[in-house]
Structures are given as C-alpha cells and as structure tokens.
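Each remark here refers to the structure printed beneath this line.
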2 protein chains.
Amino acid sequence: MGYNVMARTCPSRVVLHRIGARWTVFVVNALEHGPKRFVELKTHIQGITPKVLTETLRTLERDGLVLRTDHEENPPRVEYELTELGRSLLEPLRAVRRWAEAHVPEIEAANAAAAARES
Amino acid sequence: MGYNVMARTCPSRVVLHRIGARWTVFVVNALEHGPKRFVELKTHIQGITPKVLTETLRTLERDGLVLRTDHEENPPRVEYELTELGRSLLEPLRAVRRWAEAHVPEIEAANAAAAARES
DNA sequence: CCGAATCCGGCTCGATACTG
DNA sequence: CAGTATCGAGCCGGATTCGG
C-alpha cells in the first residue's frame, strides 16, 4: 500500500511510464498465447520496426515481464514469453486493447464533430 | 467488429495511440470522481505542466472522452469531466493504474537483478 | 490570479540500411 | 534469423508570456 501514481516522486510512476511506452501494449498482447520468436512478433505486430521491437523487448525483460530464451542454434532461434508478472499485466492491457477496438466509431464520430465545429 | 490493433492500417491503432499518450492515464483517473477545474487537476496530478495538461485535455475533448465547460466568469472557471465514453475508458485505465501501484516491488527487484547481472 | 499560447532544447520515435 | 547503426522528424517538458 501507499503507492500513488499522482505523487511526483512515487516509484509507481516509473512503472506506469514503462507500461505506457508506445509498443508495450502490443508486445504483451502479442505474447498472450505463449512464446513467440522475434520474427513472429515482428510479423504479427504489423508495422513495428526491428529497432523498436528490440528496445521494447529489452525493457520488458529488464522489468521482469518478459523472458528471453536464446536457444543458441544456427540459424539463431530466440524466443520470448511472458513471465508470471507479465501475465498479470496481460489482463489490464487486454482490456485496454479491447476498449480501443470496441470504440473506434465513437472516437471517429467525436473527431468528425470537432472538425466540423472548427470549420 | 473486425477491428484489430495488430493490423497496420486499422483505425483502432490511432485510438490505442491516443490512450497511450503520456498523461492520458493520469487525467482520466484524476477525473474519476466527477468534474474538476484546471488548477485542481494540475495540483492533483503532481508534476504535470500546464502546457501538457492543456494538450492532453484538448485531445481528450476532441476524442469525446472529456467535456469542457467554460463558465465564462471572472476570474475564469473552467471545468472538465468525463463523458459517458470517457467513463467507459476509466475502468480499463484504473486497472492499469492499480497494476502499476501494486507491482512496484517486483519491477524494482527485476531491475536490480538485471543491473547486478551486468556488473 | 486562472487558463492558457508560444518558443525552444532534449530526447524518444521511426524509417531505412546494414551485419553476424 | 535476430538483431544494430544511422539519421531525421516529432513529441515532451521547461521557461516565458498573455488575455480576461
């Protein structure tokens, strides 16, 4: 108890900042059904660049949300999967994802209305 | 139906991108208990600058998540509150906030372990 | 005194190209 | 396959200024 994201110096802010990073929602959701390889993630999350995917995965790994397993084969085979902590984050982030997918029409209508009001 | 954030051109991505903006989680959570004035928000969300708060509120307003009411008084009094759409987003974002506040120790431990491994 | 708008530096983000 | 390197665009945040 005692953590509060509204407080300037609260460490939970750092955590929230990480979760809020641009591609975290995508990567965590993409790993919902078990381990995936780098290319599989890159293919599944359309439009993500290898650089950004690497950065996101490294951060998630340092935070203990993702486990990276290098099978040291040739050709290389590296797998990523959610840790238990990562899976606990999956639920909230899945909800956010579903909200985004469910409310596109409302958001678009609101934007259209705002644009019309300006002109 | 048919919206999928993993697809490059899906409009739900734009929506997810907005939600993921740095301060959206804070502002939406700060408005959970009803209307608040600009300064109240600024005070409650410690460390947010007026500029960023304004930008965030404007975006949320355009997306139909927040209603802005200028009471046209002197000194100025402007109130912000969640719309029905905004309140529906509050639930997922509150879950994210709670997750952040609940898992600080694990994240910090993971980071410490990662740092130790490097040295 | 409140609710901004403006300008600017730093840092992150993203596209493209290249490597082991 | 699984990344790195480089570089330009854009967002973030701070300081300053402004109208009511």
Side-chain angles (χ1 to χ4, degrees), chain A residues 5-10 13-27 30-31 35-63 66-81 114 118, chain B residues 5-10 13-28 30-31 35-63 66-81 118:
Chain A
V5 295
M6 299 302 177
R8 197 191 322 255
T9 62
C10 184
R13 265 219 182 159
V14 183
V15 174
L16 193 49
H17 187 269
R18 298 275 176 72
I19 300 174
R22 209 61 83 206
W23 293 97
T24 300
V25 196
F26 292 89
V27 172
L31 288 174
K36 271 197 161 53
R37 303 177 60 171
F38 190 86
V39 223
E40 292 176 322
L41 285 171
K42 197 166 103 47
T43 308
H44 187 70
I45 308 171
Q46 293 180 22
I48 194 171
T49 64
K51 179 201 168 195
V52 170
L53 180 54
T54 301
E55 287 170 356
T56 306
L57 285 169
R58 291 275 186 281
T59 303
L60 291 174
E61 196 193 353
R62 273 204 320 278
D63 286 342
V66 158
L67 180 66
R68 176 182 188 272
T69 309
D70 187 342
H71 294 275
E72 314 234 353
E73 298 174 0
N74 201 320
R77 186 162 69 90
V78 180
E79 284 192 326
Y80 296 92
E81 63 189 307
E118 280 172 24
Chain B
V5 294
M6 299 301 177
R8 196 193 321 256
T9 62
C10 185
R13 260 212 188 170
V14 183
V15 175
L16 194 48
H17 188 267
R18 298 277 175 72
I19 301 175
R22 206 62 84 214
W23 293 97
T24 301
V25 197
F26 293 89
V27 172
V28 171
L31 289 173
K36 271 198 161 53
R37 302 180 57 175
F38 190 87
V39 216
E40 292 176 323
L41 285 171
K42 196 166 104 46
T43 308
H44 187 71
I45 309 171
Q46 293 180 20
I48 193 171
T49 64
K51 179 202 167 192
V52 170
L53 180 54
T54 301
E55 288 171 355
T56 306
L57 286 168
R58 288 277 183 278
T59 303
L60 291 173
E61 197 192 353
R62 274 205 319 278
D63 286 343
V66 157
L67 180 66
R68 176 182 190 271
T69 308
D70 187 343
H71 294 274
E72 316 234 351
E73 297 174 0
N74 201 319
R77 187 163 67 90
V78 181
E79 284 192 326
Y80 297 90
E81 63 188 308
E118 280 172 25

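All chains are named by letter (A, B, ...) in the order of the sequence lines, taking the proteins before the strands, and each is independently numbered beginning at 1.
Atom-to-atom distance recorded for B/Lys36:NZ and B/Leu57:CG is 12.5 Å, nearest 0.5 angstrom. Between the CD atom of A/Glu55 and the CG atom of A/Leu53 there is a distance of 10.0 Å, given to the nearest 0.5 Å. With rounding to the nearest 0.5 angstrom, the CZ atom of B/Arg37 is 11.0 Å from the OH atom of B/Tyr80. Atoms OG1 and CD1, on B/Thr54 and B/Ile48 in that order, are 8.5 Å from each other to the nearest 0.5 Å. Separation of atoms OG1 (A/Thr59) and CH2 (A/Trp23) is listed at 14.5 Å; rounding is to 0.5 Å. A distance of 10.5 Å separates CZ in A/Phe26 from OG1 in A/Thr56, rounded to the nearest 0.5 Å.
Between the CD atom of B/Glu40 and the P atom of C/dC2 there is a distance of 11 Å, rounded to whole Å. Straight-line distance from the CD1 atom of B/Ile45 to the C1' atom of D/dG13: 15 Å, rounded to whole Å. Atoms NZ (A/Lys42) and C1' (D/dG3) sit 11 Å apart, rounded to a whole Å. Taking atom CZ of residue A/Arg22 and atom P of nucleotide D/dC11, one finds them 8 Å apart after rounding to whole Å. Here C/dG3 presents its P atom at 17 Å from CD of B/Glu55, a figure rounded to the nearest Å. Rounded to whole Å, the distance from CD on A/Glu72 to C1' on D/dA2 is 13 Å. Rounded to whole angstrom, the span from the CG atom of A/Leu41 across to the P atom of D/dC1 amounts to 13 Å. Following rounding to the nearest Å, B/Arg77 (CZ) and C/dC2 (P) show an atom-to-atom distance of 13 Å.
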Restricting both atoms to N or O, compile the protein contacts to nucleotides 5-10 of chain D shorter than 3.5 Å, with distance only.
none

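Counting non-hydrogen atoms under 4.0 angstrom, B/Pro75 reaches nothing in the nucleic acid.
Close to C/dG14, at under 4.0 Å from its OP1 or OP2, lies a side-chain N or O of A/Trp23. The side chain of A/Arg58 places an N or O atom within less than 4.0 Å of a non-bridging phosphate oxygen (OP1 or OP2) of D/dG3. A sub-4.0 Å separation between OP1 or OP2 of D/dC1 and a side-chain N or O of A/Tyr80 is absent. Regarding contacts with the backbone of C/dG3, a side-chain N or O of B/Arg37 is found under 4.0 angstrom from either OP1 or OP2.
Of the residues near DNA chain C, B/Pro50 and B/His17, the one whose nearest nucleotide (by heavy atom distance) lies more toward the 5' end is B/Pro50. Between B/Ala21 and B/Glu73, the one whose closest nucleotide on DNA chain D sits nearer the 5' end is B/Ala21.
B/Thr24 contributes no side-chain N or O that, together with a main-chain N or O of B/Gly20, makes up a donor-acceptor pair within less than 3.5 Å. In terms of modelled atom types and a separation under 3.5 Å, the side chain of A/Arg13 and the main chain of A/Met6 share a donor-acceptor contact. Under a 3.5 Å cut-off, the side chain of A/Arg77 and the backbone N or O of A/Glu72 do not form any donor-acceptor pair.
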**Fill in**
DNA chain D in dot-bracket form (Watson-Crick or G-U pairs under 3.5 Å, [ ] crossing, | inter-strand) is ||||||||||||||||||||
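Considering all non-hydrogen atoms of both residues, B/His44 and B/Ala30 come closest at CD2-CB, 3.7 Å.
Among D/dG3, D/dG13, C/dA4, the nucleotide with an atom closest to any side-chain atom of A/Val78 is D/dG3.
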